[in-house]
Amino acid sequence: MTKVPSMNLPGISADDSLMLLRAATELSFSSILVTDAQHRILYANPAFCATTGYSPDELEGQNPRILQGPLTDKSVIEKLRYDRDTTGHFTGSTFNYRKGDRRLSCGAPESRSVNTMAATPCRFCHH
């Protein structure tokens, strides 16, 4: 499990640091999804929403399994869960689906990376 680094950027107040980090997440071209310890979606950045076709409101509270479909490799998902729970990190590839059951990629499976973070031991756990 990865400990969340300090969110205070050097020479910048905590509030300004949080605002800049939030803006970086919002403007990122990489898809970012945050879940709680029960795997409920808490946050999806605009890149994730654009890629999947779901709005933040549609994703909030859902389980990421809503992205799975007929070609999603169940053994990869099992490995994801095992690695996430034992090492706190997973990297692998499988097919995921957009809203409306259309595959996200037309060719090869997409690469995924999952990291588990603990803000305070035993208090918060996010993926």
Side-chain angles (χ1 to χ4, degrees):
M1 195 170 313
T2 304
K3 181 152 174 44
V4 176
S6 169
M7 292 299 169
N8 293 342
L9 298 172
I12 300 175
S13 72
D15 286 344
D16 287 346
S17 292
L18 184 59
M19 182 182 65
L20 285 171
L21 292 168
R22 174 77 187 234
T25 301
E26 293 284 315
L27 296 172
S28 176
F29 291 110
S30 297
S31 293
I32 299 171
L33 185 70
V34 178
T35 67
D36 63 14
Q38 289 73 44
H39 315 295
R40 291 180 299 242
I41 296 171
L42 300 174
Y43 169 81
N45 75 339
F48 187 93
C49 292
T51 299
T52 64
Y54 288 99
S55 72
D57 288 341
E58 291 173 305
L59 290 167
E60 188 178 331
Q62 295 291 327
N63 186 294
R65 78 173 59 100
I66 66 171
L67 301 173
Q68 296 175 21
L71 293 178
T72 302
D73 187 337
K74 301 303 180 202
S75 67
V76 172
I77 301 304
E78 287 173 18
K79 183 173 177 4
L80 179 154
R81 291 178 183 138
Y82 177 80
D83 288 356
R84 179 198 62 210
D85 294 342
T86 58
T87 68
H89 178 75
F90 165 82
T91 300
S93 298
T94 191
F95 287 106
N96 281 314
Y97 290 76
R98 288 179 52 83
K99 180 179 175 180
D101 292 330
R102 204 175 85 217
R103 266 194 351 223
L104 286 177
S105 67
C106 295
E110 294 183 299
S111 216
R112 293 280 174 245
S113 182
V114 175
N115 292 291
T116 300
M117 301 177 291
T120 305
C122 301
R123 184 163 168 230
F124 297 109
C125 187
H126 296 77
H127 308 287

Salt bridge (charged side-chain N to carboxylate O under 4.0 Å, His left out) contacts touching residues 37-46 (sequence neighbours left out):
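Every salt bridge (charged side-chain N to carboxylate O under 4.0 Å, His left out) pair that includes a residue of residues 37-46, provided the two are not neighbours, is Asp36-Arg40.
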Pair listing, salt bridge (charged side-chain N to carboxylate O under 4.0 Å, His left out) test, anchored in residues 57-67, at least two apart:
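Counting only pairs at least two positions apart or across chains, the salt bridge (charged side-chain N to carboxylate O under 4.0 Å, His left out) contacts touching residues 57-67 are Glu58-Lys99.
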Answer whether the closest heavy-atom distance between the side chains of [X] and [Y] falls below 4.5 Å.
| X | Y | answer |
| --- | --- | --- |
| Phe48 | Leu59 | yes |
| Thr35 | Tyr43 | no |
| Met19 | Asp15 | no |
| Cys49 | Ser55 | no |

Using every non-hydrogen atom in the two residues, find where [X] and [Y] come nearest and quote the distance to one decimal.
| X | Y | answer |
| --- | --- | --- |
| Asn45 | Ser30 | ND2-O, 2.9 Å |
| Ile41 | Asn63 | CD1-C, 4.3 Å |
| Gln62 | Ile66 | OE1-CG2, 3.6 Å |
| Ser31 | Thr51 | OG-OG1, 3.7 Å |
| Pro64 | Leu33 | CG-CD2, 4.1 Å |
| Phe90 | Leu80 | CD1-CA, 3.4 Å |

Residues forming a side-chain hydrogen bond (donor to acceptor under 3.5 Å, both in side chains) with Asp83, sequence neighbours excluded:
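With neighbours one apart ignored, the set is Lys79.
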Going by salt bridge (charged side-chain N to carboxylate O under 4.0 Å, His left out), name the residues that satisfy it together with Arg22, two or more places apart in sequence or in a different chain.
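Applying salt bridge (charged side-chain N to carboxylate O under 4.0 Å, His left out) to Arg22 gives Glu26.
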Output all residues satisfying salt bridge (charged side-chain N to carboxylate O under 4.0 Å, His left out) with Asp16, sequence neighbours left out; order by chain, then residue number.
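Applying salt bridge (charged side-chain N to carboxylate O under 4.0 Å, His left out) to Asp16 gives none.
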Look at the side chain of Thr86 and the backbone N and O of Tyr82, then say whether any donor-acceptor pair between them is shorter than 3.5 Å.
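Answer holds: yes.
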Just list the side-chain donor-acceptor pairs under 3.5 Å for residues 67-74, sequence neighbours left out, or say none.
from  : atom 1 : to    : atom 2 : distance (Å)
Thr72 : OG1    : Gly69 : N      : 2.8
Thr72 : OG1    : Gly69 : O      : 3.3
Thr72 : OG1    : Phe95 : O      : 2.7
Asp73 : OD1    : Ser75 : N      : 2.9
Asp73 : OD1    : Ser75 : OG     : 2.6

